[in-house]
Amino acid sequence: MRGALLETGEETRRTINNFLSRLLQEKMVDAILAPIETSTGLVTPGFVTNPEKTHIIDVLAPVIPGVAMATVVSQITHEKPVEKRLGVILKPCDIRALVELVKFQQVNLENIYLIGVDCYGTYPVIKYKEILEKGNLPVENVFEALNKGGETEFRDSCKVCLNPVPIYSDLCIGYIGIEKGKLFIEARTEKGEEFLRKLGFKLLELKERNRAVAEILRERETKREKYFGEAEKELNGMEGINSFFEDCIACHNCMEVCPICFCKECFFDSDRYSYVNQNYLEWNPLEGTVPMLQAKVQFHVGRAVHMASSCVHCGLCEQACPQDIALYKLFGLIARNIQRIFNYTPGRSVEEKPPVQEFKEEELKEFIG
Amino acid sequence: MELLYFPGCTLKTSAKNFEDSALTVASKLGLELRELPRWNCCGTVYSLAADDLMHQLAPVRNLVRVQELNRDKLVTLCSMCYNTLKRASRLVRRNSEKLETINMFMDEEQSYEGRVEVFHFLQTLRDEVGFKKISEKVVKPLKDLKIFPYYGCLLVRPEEEAIDDPNDPTVMNDLLKSLGAEVIDNSFKTVCCGSYLTVDKKEVVAEMTYKILSAAVKDGAEAVTLSCPLCHFNLDFRQAEVAEKHPEFKRIPVFYFTQLMALAFGLNPEVCRFNLHFVDPKPLLRGKGFI
Amino acid sequence: MEIKVSLKKVKSPLVRKVTEISDEKIYSCYQCGKCSAGCPFADQMDLLPNQVIRFVQLGMEEVLDCKTIWVCSACFTCRVGCPKGIDIANLNEALRLLHLRRNQDHLKLGKLPREELLKLPQIALISSLRKYTA
Amino acid sequence: MIKVNERIGVFICHCGLNIAGTVNVEKVAEEISKCKGVVHAEHYIFMCSDPGQEKVRQTIKEKKLDGVIVAACSPDLHEHTFRSAAASAGLNPYRVEIANIREWVAWPHEGKGEEATEKAIKIIDAAIEKLRDNMALLPVEVPVTKKVLVIGGGIAGIQAALDCADAGLDVYLVERGQSIGGKMAQLSETFPTLDCPQCIETPKMTAVAQHPKIHLYAYSEIEDVNGYVGNFKVKIKRKPTFVDWDKCTGCRECMKVCPVKVPSEYERGIADRKAIYISFPQAVPNKAVIDAENCIRMKYGKGCGLCAKNCPSKAITFEGNGSIEEVKVGAIIVATGFDVMGVNSFGEYGYGKYKDVLDALQFERLLAPAGPTSGKVLRPSDGREPKEVVFVQCVGSRDPDNWHPYCSKICCMYIAKQAMLYKHAVPDGQAYVFYIDIRADGKGYEEFVHRAMTEDGVIYLRGKVGKIVEEGDKLRVYGVDTLTGRNVVIDADLVVLATAVEPSKGIDDLARKLRIQLDQDGWLSEAHLKLRPLESLTSGIFIAGAAQYIKDITDTVSQASGAAAKAIALLSRDKLEKEPIVATVDEEVCVGCGNCVSICTYNAVELDPELKVARVNEGLCEGCGACAATCPSGAIQLINNTKKQIFEMITALTRRD
């Protein structure tokens, strides 16, 4: 894949933002949807239309506060396609979620240009705020922190993430496998290449990047197996799942932040779902105590069934849980297993049909015999 | 009533007991069995070959003898004679061309016209005398005597010549019942004893004898009855070989059905000529008080 | 062992002669095996009765050397049972006659022990001579 | 959810001893009578009998029931019976539910009475829970187009078309070949009567051509099918013939001068046809087509044109792209027939390599009086009369390991016929048939095979052929006769292979367009092998002839008339009533993800492009419930099978008490 190699020196964020300014200046896009810096130093999705104002954009911030960018794109394109040409900056998991939402007709990509960004991983919001408070972390220092083993503090889903590099976008801002002081802006589509050529970049290929990515993946695959292996042991059976959700307060935050939970009204919040709470009284009176878990667990298991085949492993559910329940451990595990069964990788391509939309006679042989 | 009767070779020699008992029993029933004058060998076994008419001359010649007397019925006692004469009579009746050829061969005889019907004496007893009449003649019912009626092949096969149902004949059963005997019936009653194999494969016949008799004994039979001198020889004489090979085998006497009739009718047991039997029936008969 | 089947074989003297002598429709046999199943002497035979017909159908001369045709007592159990109305006993007779008509006697009475000969009734001697000698 | 004044009656069937032999029906009735809302529970020896149904009717009236449960056999058998009974007593039929305690309980748990009884109670309990929320429904009414589409112009299609047309229905008969007639038209004579197809099929073909109600679309294919029972919209593609059929008189002058020879499909490759052709003398329609792939003028766009010059009616145009016509029909009969396995198989027999190894359809042409040899049996290689012919049965059939697991069914009979006809043609020749066993199960069939064996002296050898090797001008056939236990060698002049019969090529594509199913071997799936063999699982689409599974002519014609009768019965009504158990969408809740659209086999769901919500076409919906299962928000649900009802049923089944 060809792209442009940019000299950044110590000025990585500014180089990126200058590049984004030029997209606006040259009228290649009318607006950019990107994480922009808030007054507290965190980031939030926002539009930039003025090329002079791109300094507010912070694409490398190792944090995802609030909902996924894919959800934002869905909000603005679900009814009808955007009329202006919009460049959207997304992390790899965000892009995969976006691709899934396209398949569920929740996103319309007309007039949208996707600009992906490499992502080593992200901190929990709380942790990121702590770091900001301590050292006012500039972007360059993120890389340094990482070199010193900073990623041990990443969210669990990031530690075992197999997609540090976007797999679907027009352009990709890459730093993994690129020597210090440089950035590689890769063109993934003809449109992307056209952008780079119009901006006067010389296009070249960088093979060593693939090697670096492969190395990260090797390491993470081992970690991932170990992580889910432990999870499987811990969560085995209905007993395990019941106790896993004991402290759940049924706030449904996990659902709110999940990019794949796109329903208007959750089935489990609706009158279409009914569980007679009086039934608890009839449950197993021999043992003497009955926690009113059923409805809560049904919600989680039901939600898992709905989203597992398309789960992009962003881990936002876990970050959103006020009770600190390690939700990714369960949902990630279910998702991994189901995706394996159907040999389906969410976000790989918009052409690939999700399992819930397709019946194949030869599937699930091991279950139905 | 007078009936023309064809004795055949063996009834004049080793099966004299069959003939004597039959003649006496018949006269008791008001039948006169008049021996066919100038009878010759029946042909012994029916010749199956379609291209062989020579072997049909002997039986047809016997039929000519009947025709010469202006009679149209011939009765036999021996099953084999019955079969051979009957089949020959049917062959020439069905096939006028063959009859013509045969007649040409026998130019010294008058031409056979194909009218003679051949019967076995058991048919006469069943169809003309009737078992009711027979039972009326019984003075010493063969009470408690368990008898296995053995039909063999030639009374009942092939089906065209059979005197009874080829697979489940009952004529002798019914006769035995009318004599007051207890009938032991089993499916070996129509299984071939080995017939003429007795000459050069006597071990085969001995084995069949063993199978047939031991099945009957197992079902409780104390004696066998039959209507064929060859079957009689095989089932009676070959018991010696059977006993040699199967030490547990218990010999049982073999009667012609006419002998049992003579006993039941209270006739002089002399006509039964028990001395011609290899397995002596007298101890059994004495034990039951029939002699 | 391989057999060669050909037009020549099918039209061979064996098939022709057996048909001529027996007047049986040998190709009518569909090999159900009921003849063999019912034969009281099958265990003494080297070829089962149905195999005898099969050999004839295919013109296999070796059928003439089998023991079966000399073990058959022509009791007609096979004939009574045959669903196709074939008289297998008759077929065996035809095969025996193919020997006998060449003056190849199967039975030599002189070889039997004298005391046996004295015991045997006429009916046995004459019938076996009729079946086993020319 | 208990409703006020619920009045449910439960009727438990003994099914003789089928149920009562295992399930304690008395106890079931006793326990169920304690359920909330149940005002009546009884058991009876045969609920489906007249007195049984009468009990249901009586009780509905006397106790003013508003819901009925019949605990009996599978709803497949008697759901309709009891719904009708309830309806006649004034209860809405959809307020009747069946609890299957025979197939689900009594049969699988025979000998375990106590557990079975408990399970039966639970299943009835669950059915009651479902019943509580069952709505009273009226059937969906759909209009009817009184026209029929028949696909395939073989003897099955011909018969079905004639029967429908005679009943007054307009029939569109679509045949992809130049002529109707199908495989039957290729046969020499037919077993067991030895009628020639020219004598018995040609009159029917002519009748098709002349029938005012039949619209024949020869040289045409099905492009697209839409709609539903009573209301199908079908696009028929007329393939370009390059001849103006209005002008063509079928005089065949064109065929005389065409210089291009190609193997004739009708003669199955043992003789040639021209690039412009009419398939066979009795063809219907009697109109020529140009085979564009082989015609010089069509290939190069110039040159030749001899046919056009010779055509007295100036019908040959070399132009046209065909056309697509749309017709509306109420029913469809699929009669696409079969093909026989081709030359790319059976290398061990030299099929496709040795000229004198033919398949049986090729041999039919050699035997046919109007065939390329005028009925003389002559070897393709040297034109000599073969004196020894070997027929091999089950080539590719009953061979699950290499080819097809099924029996091709017609081969035993047509091989007996071919061997017999061969003997009639060559009285001094000999025919041999290698077979595994002979399946002659029709009227006069066994006798026919017997005749081949006995009267025509065909020698049957029980066994398969291992290989065939060319030796000089002979074919050495290595076989076995398992009856003698010997290997058999025959030096044959000609070998005929009864190659397996396969579903007609292109049937998979057609089945997709029709939304009907194929079985594992590619034959059309019937709705029920025993009880609904003429129907596909899609209402309004019927199956006739060998497309369902290979059949002989007798069976094919019977089934074609049967399928026609089905179609006639369907279209005898002005409106069709359809099961109201269909999917419905809560548009407030639907998020428009399209899962349901994508998963629906019947194309019954569409997304409203404006509102971005799913819409169900009740005419098309078969009530399978796949959409409801795939909808994450429960916006689309199946009437009377709502998620809520299913939850209540599960709760009832898992309740521990």
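Chain letters run A, B, ... following the sequence lines, proteins first and then strands; every chain starts at 1. Values below: all heavy atoms of this structure, side chains included; hydrogens, waters and symmetry mates excluded. Everything quoted here is computed from the prediction, not taken from an experiment.
Residue C/Lys111 qualifies as open at atom NZ: its count of foreign heavy atoms under 6.0 Å is 12 or below. Environment of NZ in D/Lys387: crowded, with over 12 heavy atoms of neighbouring residues, nucleotides or ligands closer than 6.0 Å. Open room surrounds NZ on C/Lys17; 12 or fewer heavy atoms of other groups in view lie less than 6.0 Å from it. The environment of D/Lys355 atom NZ is sparse: at most 12 non-hydrogen atoms of other residues, nucleotides or ligands sit within 6.0 angstrom.
Contact check on C/Glu62 versus D/Arg486 returns a salt bridge, with a Lys/Arg side-chain nitrogen under 4.0 Å from an Asp/Glu carboxylate oxygen.
Note that CD of C/Gln31 is 14.0 Å distant from CG of D/Asp437, once rounded to the nearest 0.5 Å. Atom CD1 of D/Ile490 sits about 10.0 Å away from atom NZ of C/Lys9, to the nearest 0.5 Å. Atoms CZ and OG, from D/Arg451 and C/Ser28 in turn, are 14.5 Å apart once rounded to the nearest 0.5 Å.
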**OP:** List the steps, then state whether side-chain contact (heavy atoms from CB on, under 4.5 Å) holds for D/Ile459 with C/Val10.
**Re:** CA-CA 9 Å; D/Ile459 294 196; C/Val10 176; 3.1 Å; yes
**OP:** Start with the C-alpha gap between C/Lys11 and D/Asp428, add the side-chain angles, then the distance that decides, and say whether salt bridge (Lys or Arg N to Asp or Glu O under 4.0 Å) holds.
**Re:** CA-CA 10 Å; C/Lys11 306 263 184 249; D/Asp428 61 340; over 6 Å; no
**OP:** Tell me, with the steps shown, if D/Asn487 and C/Ile3 meet side-chain contact (heavy atoms from CB on, under 4.5 Å).
**Re:** CA-CA 6 Å; D/Asn487 277 5; C/Ile3 48 175; over 6 Å; no
Subject >> Step-by-step side-chain contact (heavy atoms from CB on, under 4.5 Å) determination, D/Leu483 to C/Gln57 >> reply: CA-CA 11 Å; D/Leu483 295 170; C/Gln57 284 179 332; over 6 Å; no
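Contact annotation for C/Lys4: both backbone and side-chain heavy atoms come within less than 4.5 Å of a heavy atom of chain D. Contact of C/Leu58 with chain D is made through the side chain alone, with heavy-atom distances under 4.5 Å.
Taking every heavy atom of both residues into account, D/Tyr432 and C/Leu7 meet most closely at OH-N, 2.9 Å. Across all their heavy atoms, C/Ser6 and D/Glu388 have their closest contact at CA-OE1, 3.4 Å. The two residues D/Met453 and C/Tyr27 come nearest to each other via the heavy atoms O-CB, 3.5 Å. Minimum heavy-atom separation, C/Arg54 to D/Arg462: NH2-N, 4.1 Å.
No other option in D/Val458, D/Leu461, D/Val477 has as many heavy-atom pairs under 4.5 Å with chain C as D/Leu461.
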